[in-house]
There are 2 protein chains.
Amino acid sequence: MVADRLSTTFAALADPTRRAILARLMRGEAAVGELAAPFAMTLPAISKHLKVLERAGLIARGRAAQRRPCRLAAEPLGEVSRWVADYRRFWELRLDRLEDYLQEAPKARTRRPKKGKAHDRTRR
Amino acid sequence: MVADRLSTTFAALADPTRRAILARLMRGEAAVGELAAPFAMTLPAISKHLKVLERAGLIARGRAAQRRPCRLAAEPLGEVSRWVADYRRFWELRLDRLEDYLQEAPKARTRRPKKGKAHDRTRR
DNA sequence: CCGCTTATTAACCAGATGGTAAAATAATGA
DNA sequence: TCATTATTTTACCATCTGGTTAATAAGCGG
């Protein structure tokens with residue numbers, strides 16, 4: 001896959017199970033079995049998810065007796081945060097524009113209730 | 001795939017080509033051919049990438065003659081930003097700890113020079 | 001209508017992903 | 001040493017992904 005770090009991080013985050021695991025780890029270290037408990041899937045599945053998170057540098061693992069406790073290692077998220085920050089003005093701008101548009105009320109637009117997705121609909 | 005919105009967004013961002021397309025769109029609208037130009041891949045490939053971005057709500061597309069101009073629609077990134085913010089203290093904490101460790105200098109560690117780019121500051 | 005330009009759809013392929021069950025490994029404790 | 005607990009590895013499967021080429025569609029401009 002050779003993917004760059006940012007891609008690897010985003011890919012790791014693109015799964016609700018893995019994000020839930022990270023959320024759990026915010027509350028402190030946990031062993032694999034403990035992490036698996038809330039999910040309706042087998043241990044090997046969780047083990048794979050943990051490997052994905054580990055390769056993305058989002059968790060680190062230790063060893064204590066038979067357990068392999070995991071802990072959060074969030075720096076890649078710093079990278080994500082920095083990446084996304086570049087786009088901040090775009091979603092903020094968009095909201096501003098929407099506000100302007102709604103306030104200006106050019107001509108006598110029939111005030112259609114907001115109801116998103118008015119246009120486009122490229123067939124289908 | 002039924003994936004939730006956040007998963008769809010992260011998945012869409014987990015590809016350097018798609019991130020590059022978003023970066024290009026920061027500089028303004030562009031048609032498909034124009035977006036495709038910088039990449040060593042065929043138009044259908046780009047078309048697919050655009051579909052992924054569109055389904056993630058990261059771009060919107062219009063129509064102008066034969067062209068289908070794309071423009072950035074970054075609100076899903078707002079969601080990402082909000083999600084990632086919850087973890088901020090974790091990567092900041094880690095850096096703090098590192099700092100502590102470096103300052104304490106227990107025993108007589110050989111002072112390796114800090115080598116600029118110490119810890120990055122998340123900007124802003 | 002014809003032909004050009006722009007873009008999408010269709011069909012296909014290799015490789016990644018997310019899951020399973022069953023077997024293997026690792027550390028502890030009797 | 002043996003059983004137990006905790007976790008990973010292996011082998012397998014279906015589906016998704018990212019790319020290709022070839023065919024199709026949609027708007028122009030003559």
Side-chain angles (χ1 to χ4, degrees), chain A residues 1-22 24-25 28-56 58-71 119-124, chain B residues 1-22 24-25 28-56 58-71:
Chain A
M1 207 220 206
V2 272
D4 56 295
R5 188 163 171 70
L6 207 43
S7 295
T8 306
T9 305
F10 278 129
L13 296 176
D15 180 294
T17 303
R18 288 194 290 261
R19 290 198 306 280
I21 288 173
L22 293 182
R24 163 63 188 80
L25 290 178
E29 279 199 3
V32 180
E34 200 184 338
L35 290 172
F39 303 103
M41 67 181 78
T42 59
L43 254 134
I46 298 294
S47 205
K48 280 190 179 183
H49 281 306
L50 292 177
K51 200 181 295 183
V52 172
L53 289 171
E54 189 178 25
R55 287 175 34 120
L58 285 163
I59 64 172
R61 312 164 96 165
R63 181 148 238 174
Q66 300 102 320
R67 287 156 202 88
R68 271 73 144 190
C70 303
R71 64 183 183 287
H119 59 325
D120 182 43
R121 280 289 140 262
T122 338
R123 185 177 1 103
R124 174 205 184 74
Chain B
M1 209 221 204
V2 272
D4 56 296
R5 190 163 168 69
L6 206 43
S7 295
T8 306
T9 305
F10 278 129
L13 297 176
D15 181 293
T17 302
R18 288 194 290 263
R19 290 198 307 278
I21 289 174
L22 293 181
R24 164 63 189 80
L25 290 177
E29 280 198 2
V32 179
E34 200 182 338
L35 289 173
F39 303 102
M41 67 181 78
T42 59
L43 224 55
I46 297 294
S47 206
K48 282 189 179 184
H49 281 306
L50 293 177
K51 199 180 296 182
V52 172
L53 289 171
E54 188 178 25
R55 287 176 32 123
L58 285 163
I59 65 171
R61 313 163 95 164
R63 181 147 238 174
Q66 303 103 317
R67 287 155 203 88
R68 271 73 142 192
C70 302
R71 64 183 183 287

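Sequence lines set the chain letters: A, B, ... in the order given, protein chains first and strands last, and positions in each chain run from 1.
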Just compare D/dG19, D/dA22, D/dT7 and give me whichever is closest to any side-chain atom of B/K48.
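The answer is D/dG19, which lies nearest to the side chain.
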When you measure from the side chain of A/R67, which nucleotide among D/dT7, C/dG18, C/dC12 comes out closest?
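Per side-chain heavy atoms of A/R67, the pick is D/dT7.
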Euclidean distance, atom [atom1] of residue [X] to atom [atom2] of [N] [Å, nearest integer]:
| X | N | atom1 | atom2 | value |
| --- | --- | --- | --- | --- |
| A/M41 | C/dA21 | CE | C1' | 16 Å |
| A/R68 | D/dT5 | CZ | C1' | 11 Å |
| B/L50 | C/dT8 | CG | P | 7 Å |
| B/Q66 | C/dT8 | CD | C1' | 14 Å |
| A/R18 | C/dG19 | CZ | C1' | 12 Å |
| A/I21 | C/dG18 | CD1 | C1' | 13 Å |
| B/F39 | D/dG19 | CZ | P | 10 Å |
| A/L35 | D/dT7 | CG | P | 9 Å |

Does [N] have its OP1 or OP2 closer than 4.0 Å to a side-chain nitrogen or oxygen of [X]?
| X | N | value |
| --- | --- | --- |
| A/R61 | D/dT8 | yes |
| A/H49 | C/dG19 | yes |
| A/S47 | D/dT8 | yes |
| A/K51 | D/dT9 | yes |
| A/R63 | C/dA27 | yes |
| A/T42 | C/dT20 | yes |

At under 4.0 Å between heavy atoms, what does A/A45 touch on the DNA or RNA strands: base, sugar-phosphate, or nothing?
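Base contact.
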5' precedence on DNA chain C between A/D15 and A/A65 (nearest-nucleotide basis):
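Residue closer to the 5' terminus by nearest nucleotide: A/D15.
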Would you sort out whether A/R24 and A/E34 count as a salt bridge (charged side-chain N to carboxylate O under 4.0 Å, His left out), showing the intermediate values?
CA-CA 10 Å; A/R24 163 63 188 80; A/E34 200 184 338; 2.7 Å; yes
Are any non-hydrogen side-chain atoms of [X] and [Y] less than 4.5 angstrom apart?
| X | Y | value |
| --- | --- | --- |
| A/T8 | A/V52 | no |
| A/H49 | A/L35 | no |
| A/S7 | B/R19 | yes |

For the atom pair CD1 (B/I59) and CG (B/L50), what is the distance rounded to the nearest 0.5 Å?
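Nearest 0.5 Å value for the CD1-CG distance: 4.5 Å.
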